[in-house]
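First up is the structure itself, then whatever we jot down about it.
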Amino acid sequence: MKILVLGAGKMGSFFIDLLSFDHEIAVYEKDPLRMRFTYNCQRFTDLNEIHSFAPQLVINAVTVKYTLQAFNEILPYLPKDCILSDIASVKTGLRDYYEKCGHPYVSTHPMFGPTFANLNQLSEENAIIINEGDYMGRIFFRDLYSRLGLNIYEYSFEEHDQTVAYSLSIPFVSTFVFAAVMKHQDAPGTTFKRHMSIAKGVLNEDEYLLQEILFNPYTHEQVAQIRTELKELLNIIDQKDADGMKDYLKKIRENVRRDIEIK
C-alpha cells in the first residue's frame with residue numbers, strides 16, 4: 001500500500017519505521033530538518049509531490065493543534081478514494097470533519113507516546129480504534145496494532161472522549177497539583193522522585209494537547225471527583241480521624257485491587 005505520513009515528529013517517525021518494510025511510505029513535513037532521521041521513505045516538502053505519489057492511505061501524525069489544518073492543506077492533492085486517518089488523542093471536531101470531507105476515513109488512538117512508553121515493548125499498552133468510518137481502514141489498523149501486541153478496544157467517538165477524560169485528565173490534573181505545590185528537596189525520597197519524573201514528562205507534552213484534554217466536555221466531572229475526594233481526605237486529616245483514615249485506605253486499596261483483577 002502507498003501510505004503518506006503527515007509530520008516527522010516522534011509518532012510520525014515511529015509509524016514510518018513501523019510500516020516502511022511492508023509498504024511504500026512517504027512523509028510530508030514542512031521542516032526539512034525534522035526528516036533527517038527518517039529512513040526507507042520518500043521525503044516530501046512540496047504538495048505537488050503528494051499528488052504524484054497518489055497515496056492510498058494518509059496517517060495524520062502532526063500535533064493535535066494542526067490536525068484539521070494539515071488535512072485541509074493536502075486534500076486537493078489526494079485521490080478521491082484515499083483513506084484519511086488520524087492518531088489524535090483528542091477527537092474534538094473530527095467526526096463532523098470526516099463526514100463532510102468526501103473521503104473514507106478511520107480514526108485510532110494509540111494510548112501511548114514516546115514520553116513514557118517503551119516503543120520496542122508495547123504488550124502492556126492499549127490502542128483504541130473508533131468503530132465508525134471505513135471498514136477496511138479499521139481492519140488495517142487492527143492488524144497493525146495486533147502485530148505490535150497492543151490491547152485493542154473499539155469505541156465510538158463519544159466513548160473515546162469519555163475514556164480520555166478519565167484516563168488522561170485525572171493523572172494530568174493530579175500531576176499539575178503536585179507540581180504546583182512541590183518544593184525543592186535536597187534529599188528526596190523514592191516516591192517523590194517518581195512523581196517528579198512523571199511531572200517532567202507530562203509538562204514536556206505539547207501545551208495545546210494538555211489544554212484540549214482538559215477542555216474535553218467530559219473532563220469537568222472527573223476533576224470534580226478529585227475535589228470531592230480531597231475534601232473528604234482533608235477532613236479526615238483535620239480531625240485526626242484514625243478510623244476514618246483506615247476506612248479511606250481500605251476504600252482506595254479496594255479500587256486498586258479491582259483494577260488489577262480486571263487486567
Side-chain angles (χ1 to χ4, degrees), residues 1-9 11-16 18-20 22-31 34-35 41-110 127-145 152-164 206 208-209 212-213 215-217:
M1 181 184 290
K2 299 177 75 171
I3 300 174
L4 174 68
V5 176
L6 300 182
M11 288 303 288
S13 297
F14 170 72
F15 275 92
I16 292 168
L18 182 63
L19 296 166
S20 61
D22 298 313
H23 302 276
E24 187 177 351
I25 304 297
V27 55
Y28 175 67
E29 170 62 63
K30 292 182 177 181
D31 181 1
R34 301 191 75 186
M35 295 191 286
C41 67
Q42 299 182 54
R43 306 175 186 180
F44 298 159
T45 57
D46 188 293
L47 291 168
N48 289 310
E49 295 174 297
I50 295 175
H51 183 266
S52 299
F53 182 65
Q56 297 165 280
L57 170 68
V58 171
I59 299 177
N60 191 334
V62 304
T63 184
V64 66
K65 182 177 182 179
Y66 300 108
T67 299
L68 297 184
Q69 181 179 322
F71 274 144
N72 284 331
E73 186 175 15
I74 67 165
L75 276 184
Y77 302 88
L78 298 178
K80 278 294 183 183
D81 58 352
C82 179
I83 301 172
L84 303 184
S85 75
D86 72 274
I87 56 170
S89 53
V90 177
K91 303 297 186 185
T92 305
L94 276 169
R95 177 167 51 186
D96 290 342
Y97 180 86
Y98 281 138
E99 290 177 350
K100 296 174 182 177
C101 72
H103 283 264
Y105 70 88
V106 57
S107 184
T108 74
H109 180 188
I128 293 174
I129 298 176
I130 302 300
N131 57 17
E132 305 170 50
D134 184 74
Y135 174 75
M136 293 308 297
R138 298 202 305 273
I139 292 297
F140 174 86
F141 278 99
R142 173 168 284 277
D143 177 67
L144 177 64
Y145 292 154
I152 303 170
Y153 301 89
E154 291 202 9
Y155 296 146
S156 66
F157 278 105
E158 183 175 7
E159 289 168 337
H160 168 272
D161 288 349
Q162 291 172 338
T163 299
V164 167
D206 178 78
Y208 186 84
L209 170 64
E212 289 303 293
I213 288 171
F215 290 176
N216 180 323

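One is the number of the first residue; the rest follow in order along the sequence. All heavy atoms count here, side chains included; hydrogens, waters and symmetry mates do not.
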Legend entry - Pairing residues for His103 by the side chain to side chain donor-acceptor pair (under 3.5 Å) criterion, not counting sequence neighbours: none

Inset, instruction - Please list, chain by chain and in numerical order, all residues satisfying side-chain contact (heavy atoms from CB on, under 4.5 Å) with Glu132, sequence neighbours excluded. - result: Arg95, Tyr105, Ile130, Ser156, Phe157

Legend entry - Close side-chain approach of Val90 to Val164, heavy-atom, < 4.5 Å: no

Inset, instruction - Work out which heavy atom in Ile50 is nearest to a heavy atom in Pro55; give both atom names and the distance. - result: O-CD, 3.6 Å

Legend entry - Residues that Asp86 engages under side chain to side chain donor-acceptor pair (under 3.5 Å), provided they are two or more places apart: Lys91, Tyr98, Ser107

Inset, instruction - Hey, could you give me the SG/NE2 distance between Cys41 and His23, rounded to the nearest 0.5 Å? - result: 14.0 Å

Legend entry - Straight-line distance of Thr163 OG1 to Ile128 CD1, nearest 0.5 Å: 5.0 Å

Would you mind writing out the side-chain donor-acceptor pairs for residues 69-78 within the sub-3.5 Å range, not counting sequence neighbours?
unit_1: Asn72; atom_1: OD1; unit_2: Tyr97; atom_2: OH; d: 2.8
unit_1: Asn72; atom_1: ND2; unit_2: Leu68; atom_2: O; d: 3.4
unit_1: Glu73; atom_1: OE1; unit_2: Lys30; atom_2: NZ; d: 3.3
unit_1: Glu73; atom_1: OE2; unit_2: Tyr28; atom_2: OH; d: 3.4
unit_1: Glu73; atom_1: OE2; unit_2: Lys30; atom_2: NZ; d: 3.3

Inset, instruction - Give the C-alpha distance, both sets of side-chain angles, the deciding distance and a yes or no for side-chain contact (heavy atoms from CB on, under 4.5 Å) between Phe44 and Leu4. - result: CA-CA 10 Å; Phe44 298 159; Leu4 174 68; 4.2 Å; yes

Legend entry - 4.5 Å side-chain heavy-atom contact, Asp161 and Pro217: no

Inset, instruction - Walk me through it: do Phe140 and Asp134 pass the test side-chain contact (heavy atoms from CB on, under 4.5 Å)? - result: CA-CA 10 Å; Phe140 174 86; Asp134 184 74; over 6 Å; no

Legend entry - Donor-acceptor under 3.5 Å (Arg34 side chain, Gly7 main chain): no

Legend entry - Note, Phe53 side chain near Glu24 side chain (heavy atom, < 4.5 Å): yes

Legend entry - Interatomic spacing from CG in Asp143 to CZ in Arg138 - rounded to 0.5 Å: 14.5 Å

Inset, instruction - Determine whether more than 12 heavy atoms belonging to other residues, nucleotides or ligands lie under 6.0 Å from atom NZ of Lys65. - result: no

Legend entry - Interatomic distance, Leu94 atom CG to Asn60 atom CG [nearest 0.5 angstrom]: 8.5 Å

Legend entry - Expected output: side-chain Glu29 to main-chain Ala8 donor-acceptor under 3.5 Å: yes

Inset, instruction - Test Ile87 against Phe15 for side-chain contact (heavy atoms from CB on, under 4.5 Å), laying out the working first. - result: CA-CA 10 Å; Ile87 56 170; Phe15 275 92; 3.7 Å; yes

Inset, instruction - Starting at CG of Leu84, measure out to CG of Leu57 and round the result to the nearest 0.5 Å. - result: 8.5 Å

Inset, instruction - Go through the side-chain N and O atoms of Thr108 and Tyr145 and say whether any donor and acceptor fall under 3.5 Å apart. - result: yes

Inset, instruction - Nearest 0.5 Å please: distance from the CG atom of Asp81 over to the CD atom of Gln56. - result: 7.5 Å

Legend entry - Pairing residues for Glu49 by the salt bridge (charged side-chain N to carboxylate O under 4.0 Å, His left out) criterion, not counting sequence neighbours: none

Legend entry - Within 6.0 Å of CE in Met1, more than 12 heavy atoms from elsewhere: yes

Legend entry - Under the side-chain contact (heavy atoms from CB on, under 4.5 Å) test, residues paired with Ser20 that sit two or more places apart: Ile25, Asn40

Legend entry - Nearest heavy atoms of Ser89 and His109, plus distance in Å: CB-NE2, 3.2 Å

